[in-house]
Amino acid sequence: MIQAIRGTKDILPSSSPYWQFAEYIFRTISRRYGFEELRTPIFEKTELFSRSVGEETDIVNKEMYTFEDRGKESITLRPEGTAPIVRSIIENSLLNQSQTLKLWYCGPYFRYERPQKGRLRQFHQYGAECIGASTPESDAETILLAVSVIRELGIDNFKLLLNSLGNDDSRTAYKNALLKYLTDHQNDLSDDSKRRLESNPLRILDSKDTNDIQIVENAPLILDYLDQESNSHFQKLKYFLDNANIEYQISPKLVRGLDYYNHTVFEFQHSALGAQNSFGGGGRYNDLFNQLGGKETPAIGFALGIERLLLIMESIDSLPSIDMRPDAFIVTTSPDLFVHTQYIAQQLRFCGYNINIDLQQRSVKAQFREANKQNAKYTIIIGKNEIINNNVIVKNMSDGSQYEISISDLIEYDFS
Ligand code: HAM
């Protein structure tokens, strides 16, 4: 038997209604905040990600699905959504049409990670990007959108972690201080962190190695190195979030796993997830447009992992109850009557009812069994006599009551 690829999952009919519900919330709430949808291809030139996410990140170093296509071009299945959105905005000159461009997206992403609960190789994200404004107001609006979506999904007890990486000057000052501190502890660092000391010391703050964690405990904090501009941006954002009653925790070691961030970074966590407790994150990326060949454009955005959102919803019992029962199942007493069955089914479907019919020429008994199995609210029984008299029998499956109704009155009947 050919099996699905490790780290991928089929979304089965039993859970697809939950996905549809989540997608409905993404669409509706994004619209409410003035965000429009942008869909990009699921693969891009490899260079797009190495130049944006960063050569030294785990994503680019270890996790990308990269291959050469038949034209010998290096292609990568998108590991994240921000770089493709920026590419598309530059390529389609979308910014010329609007001062602030607010976009959302939703779809599959690919990372070659070790699969475990909540961690897949093909996973799904909903994300949003607010482009063209450098203000803390736009940070606040973007975070508010994320929080609204999370709450609309019925998730309440989450943590919002907040930090600022400041502007270039602040980060350079901080990097120097951090480098000095870490170099003093160099011999005790993990091999990965030793390597990062040169390439990307900030990422050492993120290390999961127990020794590294101890060393990082007393490391200098970025928030002490923010210059006046960076600090004022961060203070204003906090003020806007306080004002909107959004709870957050300042987390000075939050750096995030992608290289394109500056100023505000944030992450959403939920205890229901266990080890993979982060279910979303984002931040500001004022240099990314430049890096990808566009004109300098400030921007901020976030992405939420849909599998992780659904895991949380399941564990806190906030998955919506979704009624998949047919309104009616039509029981036909003889296969000869199929055209009548189909005609009646179509009339009712045109009225908006969910109608199932037998497709296997089964006995009446077997059709009733099927209607019960599907938990149909009503059965409509069609027999030769009924057709001659232009009637059908409608049976209410919850109380067993049944009535004879003329076919022309059927569409007036309330099956809901
Ligand atoms: P990220 O933190 O790499 O950010 O991913 C966002 C979310 O995607 C994670 O919090 C997680 O819920 C989900 N996710 C990531 N990898 C996996 C995986 N292997 N399996 C299941 N879920 C996963 C970004 O991707 C940025 N583009 C966010 C952003 C948008 N920043 C600015 N704009």
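Just follow the structure's listing: the first ligand is 1, and inside any ligand the first atom is 1.
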Taking CD in Glu68 as the centre, count heavy atoms belonging to other residues, nucleotides or ligands within less than 6.0 Å. Is the count above 12?
yes
Look at the aromatic rings of Phe67 and Phe43 and report parallel, tilted or perpendicular, splitting at 30° and 60°.
tilted
What does the 4.0 Å heavy-atom contact list look like for ligand 1?
Glu80, Thr82, Tyr105, Arg111, Glu113, Gly118, Arg119, Leu120, Phe123, Gln125, Glu129, Arg256, Leu258, Tyr260, Tyr261, Ser278, Phe279, Gly280, Gly281, Gly282, Gly283, Tyr285, Gly301, Phe302, Ala303, Gly305, Arg308
Arg87 meets the salt bridge (charged side-chain N to carboxylate O under 4.0 Å, His left out) criterion, sequence neighbours left out, with Glu44, Glu91
If you look only at pairs with a residue in residues 154-180, which of them pass as a salt bridge (charged side-chain N to carboxylate O under 4.0 Å, His left out), with sequence neighbours excluded?
Asp168-Arg171
Under 3.5 Å, which donor-acceptor pairs link side chains of residues 325-332 to any protein atom two or more places apart or in another chain?
unit_1	atom_1	unit_2	atom_2	d
Arg325	NE	Asp323	OD1	3.3
Asp327	OD1	Lys377	NZ	2.8
Asp327	OD2	Asn354	N	2.8
Thr332	OG1	Thr341	OG1	2.9

Is there a donor-acceptor contact under 3.5 Å linking the side chains of Glu37 and Ser30?
no
